[in-house]
Number of protein chains: 4
Amino acid sequence: MKTDTPAAGAGQPCATARRGRPRSEAAEQAIFTAVEDLMAGGTTLSELTIEGIATAAGVGKATIYRRWPNKEALLVDVVSRLEVPMPESTGGSARDELVAMIDYMRRRGLAKRTRWVLKAAFGQMHSLPELHAAYHDRVVKPRREAALDLVQRAIDEGVLRADLDLDLLGDLLLGPILYRSILWEDSDLEDPELARKMVDALLDGLAPRPAAP
Amino acid sequence: MKTDTPAAGAGQPCATARRGRPRSEAAEQAIFTAVEDLMAGGTTLSELTIEGIATAAGVGKATIYRRWPNKEALLVDVVSRLEVPMPESTGGSARDELVAMIDYMRRRGLAKRTRWVLKAAFGQMHSLPELHAAYHDRVVKPRREAALDLVQRAIDEGVLRADLDLDLLGDLLLGPILYRSILWEDSDLEDPELARKMVDALLDGLAPRPAAP
Amino acid sequence: MKTDTPAAGAGQPCATARRGRPRSEAAEQAIFTAVEDLMAGGTTLSELTIEGIATAAGVGKATIYRRWPNKEALLVDVVSRLEVPMPESTGGSARDELVAMIDYMRRRGLAKRTRWVLKAAFGQMHSLPELHAAYHDRVVKPRREAALDLVQRAIDEGVLRADLDLDLLGDLLLGPILYRSILWEDSDLEDPELARKMVDALLDGLAPRPAAP
Amino acid sequence: MKTDTPAAGAGQPCATARRGRPRSEAAEQAIFTAVEDLMAGGTTLSELTIEGIATAAGVGKATIYRRWPNKEALLVDVVSRLEVPMPESTGGSARDELVAMIDYMRRRGLAKRTRWVLKAAFGQMHSLPELHAAYHDRVVKPRREAALDLVQRAIDEGVLRADLDLDLLGDLLLGPILYRSILWEDSDLEDPELARKMVDALLDGLAPRPAAP
DNA sequence: CGATAACCGAGACGGTACGTCGAGTCTTGGC
DNA sequence: GCCAAGACTCGACGTACCGTCTCGGTTATCG
């Protein structure tokens, strides 16, 4: 997803020639890099200051405030940038793709560079409703829709039951892995078979099966 | 959970009578009430200042700092006070108790006065690492242990499969409801049958069953 | 006083035709007018910003900086432009011309459009040392020289005593009216006879004369 | 003149016990000293920043802003503090006292530590009308009144003519020395006989006297 | 019962970061 | 090469809180 102007989700190409010096692409890049470096370097969110970012990026504070109204808005964009796209459909079976999607989320939760983003996304976001909404629109909703599309396909292919609510199915499948990603430590995500185990268990059911006849 | 002395988990009973004026119980109560009121009134964690709390409580700042070393410590206590205990075991079937536990979490997510705690716990708390850790130790972990005890009992009773990892079972059962509590809107929790539907679906499995022979 | 090129006292006539678009006379005029309007409108020197001038003049900041290196230099030119020349010698008696000179200063102190210059000259300019120095060289000094020339002529004509220091005489004559112009309110300058009264009193002496024999 | 609270000219002793920690006398002193040191050390008024003062005084910015609303207000107080009282009446002849008063102003204009104050007083003051008024009330007016009292006494003693306007006499006597103090360089004030010369010239008159019969 | 000690509210203290504004410079597209 | 517009870095502005520290005053226990 390309987003020319970082602040607005729906960037209008702005055919009418804008006047004045254009915003520096380099400065923007430097700001993003500075935030990522600081966070990757152990700075906590509450220690992360605009002044610190500006200094680290070699940029004036005004250059930051020209682009984002406050720290949170900047973080939303940093987060959006870091969120890598979900894997394309492999064309495999719906069951395999469910495993792939959950495994992608597991790996996303492990990625060192983006892990703090995930935590922050479910964190600071709530402080600023409109920004939380923006993040929701740009990151959460598309993913959930993709996930629900996949769930629907699984139903169509007979991999999932058709008698259950679509939302319920989605939450039952995604809730556990997201819960682990956000709340628990990395160690809980390290098992490479985790996604498959989850799908297997969910599809087969958690109750013991009577012995097959 | 004992919380006699608010400052620390391990309160010294202080049998040796201390001299001087004792700390005012009323001031303490006013502080707690002020924080709860502010948070319930829409204040976010990052907007919540010690000065604001002191003013709202009609209390001097020093009176707060005399009891807690910093904002995080105060919040840990506020949160601990609000978290109501999980329901006692009803002695019913393990399946019913699983439903009861999940339903308790659903209702907890709906409770107006404490909802901010839940959201903050998974959200804003990440920016206050000590608060997050303390909350985890004092609230999350005991509950998870209680939940896992229940899961183990369900396994023993033959309600849940014995061939699955205990942690995995816990996450598959609790992840979806917590995910909904934290991330989505209240409307997603309003269905009183939600807990039962989840347990039914999880136990029976999400895959279609072949027609019974 | 020549002020052909506004940027510096010593303007190069630039006979060699310079290439490119010539500087806009209109822009320059707009800048001068904007400064005068702003100052006449109550803006103080410290409130007077280059950005404000540029906006008021409908001009880019660079257009200002292309002509003057800084705010002080611009103000020197604005002030120089406003200072109207002293009246030519009327060829009358030295005493009449002294009265005329002092009366000119009185009227100058009353002129609405330029009064701020006078106040600023003795006041706010001290905070902008270069402006103050330049104003001194280009406005104050020539006038003082003209005044001292007149004083010398008065001595030669026997109107003023020859046994006094020239500078002292100048200050005794000019000090009072300038003092009033700068420090006191306009009302103190409204008496049209003020200049004559001053000269009469100064020449006759402030001490009572013994009754003429 | 003692002024307990520096901000207000007419300090009410505040019999009603004020609560909270009282303002630090030491901090106030440090601020005054810092300003005086900076100015004496060559800092110009426009280079004088609140942050610089705070740093030099080892004081937080808020401690300054708690006392004065802005830089100018602070300067008014600094200036008022530095203005030394006029010399007491010596009981000598009115003519000698006139000389003494003018000589006091000459020396004041020479005093290194306070010279900048004089310049600033007639400078920045105009920018902020109400502060200019305050300075006028607390410094200028009392002095002018003292001067006019002296002039009146001189009239009564027959040292000055009775047929001239009191204000006019005051300006003719004080204008020249103030004019020199404010506008010209130090060199013009160095002659220790200057005050006497001025009074002599003014009283005797600037016009040549016919030879006494 | 008076001394002593720890509490209380209020609010000033030295700091740090905030978000804004202006200075003086640079970079667009257009004339 | 000038023009308007507006971005750039830099640094000061005045505000808000932090966590600490006096103030005058209150309420306990101890001697």
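Convention: sequence-line order gives letters A, B, ...; per-chain numbering from 1. Computed from a predicted structure; not experimentally measured.
Here NZ of Lys61(C) is found 8.5 Å from CD1 of Ile50(C). Values are rounded to the nearest 0.5 Å. Considering CG of Leu38(A) and CD of Glu47(A), their distance stands at 10.5 Å, rounded to 0.5 Å. Rounding to the nearest 0.5 angstrom, the gap separating the CD atom in Glu36(C) from the CZ atom in Phe32(C) is 8.0 Å.
Listed candidates were dC18(E), dG14(E), dC13(F). Nearest to the side chain of Ile50(A) is dC18(E). Closest approach to the Ala62(B) side chain among dC23(F), dG22(E), dA10(E) is made by dA10(E) (side chain taken as heavy atoms from C-beta onward). Relative to the side chain of Arg23(A), the nucleotides dA7(F), dT9(F), dC23(F) differ in distance, and dA7(F) lies closest. The side chain of Arg21(D) lies closest to dA12(E) when the candidates are dA12(E), dT20(E), dC8(F).
For the pair Arg66(D) CZ and dG15(E) P, the computed distance is 13 Å after rounding to whole Å. Look at NZ on Lys71(A): it is 10 Å from C1' on dC18(E), rounded to the nearest Å. Between Tyr65(B) atom OH and dC17(F) atom P the separation is 12 Å, expressed in whole Å. Going from atom CG of Asn70(D) over to atom C1' of dA12(F) covers 14 Å, rounded to whole Å. As a whole-Å value, the separation of Glu28(C) CD from dC3(F) P is 9 Å. Taking atom CD1 of Ile53(D) as the reference point, atom C1' of dA12(F) lies 12 Å away to the nearest angstrom. Atom CD in Glu51(D) sits roughly 14 Å away from atom P in dC18(E) (whole-Å rounding). For Leu74(B) and dC18(F), the CG to C1' distance is 14 Å, given to the nearest whole Å.
Sequence order on DNA chain F of the closest nucleotides to Gly52(D) and Pro22(D) puts Gly52(D) first from the 5' end. Map Ala57(B) and Ser24(D) each onto its nearest nucleotide of DNA chain E; the residue landing nearer the 5' end is Ala57(B). Between Thr49(A) and Val59(B), it is Val59(B) whose nearest contact on DNA chain E lies nearer the 5' terminus.
Of the residues Arg66(C), Arg23(C), Arg67(C), Arg81(C), the one that meets the salt bridge (charged side-chain N to carboxylate O under 4.0 Å, His left out) test with Glu28(C) is Arg67(C). The side-chain contact (heavy atoms from CB on, under 4.5 Å) test with Ile53(B) is passed by exactly one of Val35(B), Thr43(B), Val59(B): Val35(B).
Among the atoms of the strands shown, base atoms are found under 4.0 Å from some heavy atom of Thr63(A). Backbone-only contact: Gly58(C) has heavy atoms under 4.0 Å from sugar-phosphate atoms and none from a base.
In this structure, Arg67(B) reaches the dC8(E) phosphate: one of its side-chain N or O atoms is under 4.0 Å from OP1 or OP2.
For Lys61(B) against dG19(F), a side-chain-to-base donor-acceptor contact under 3.5 Å is present.
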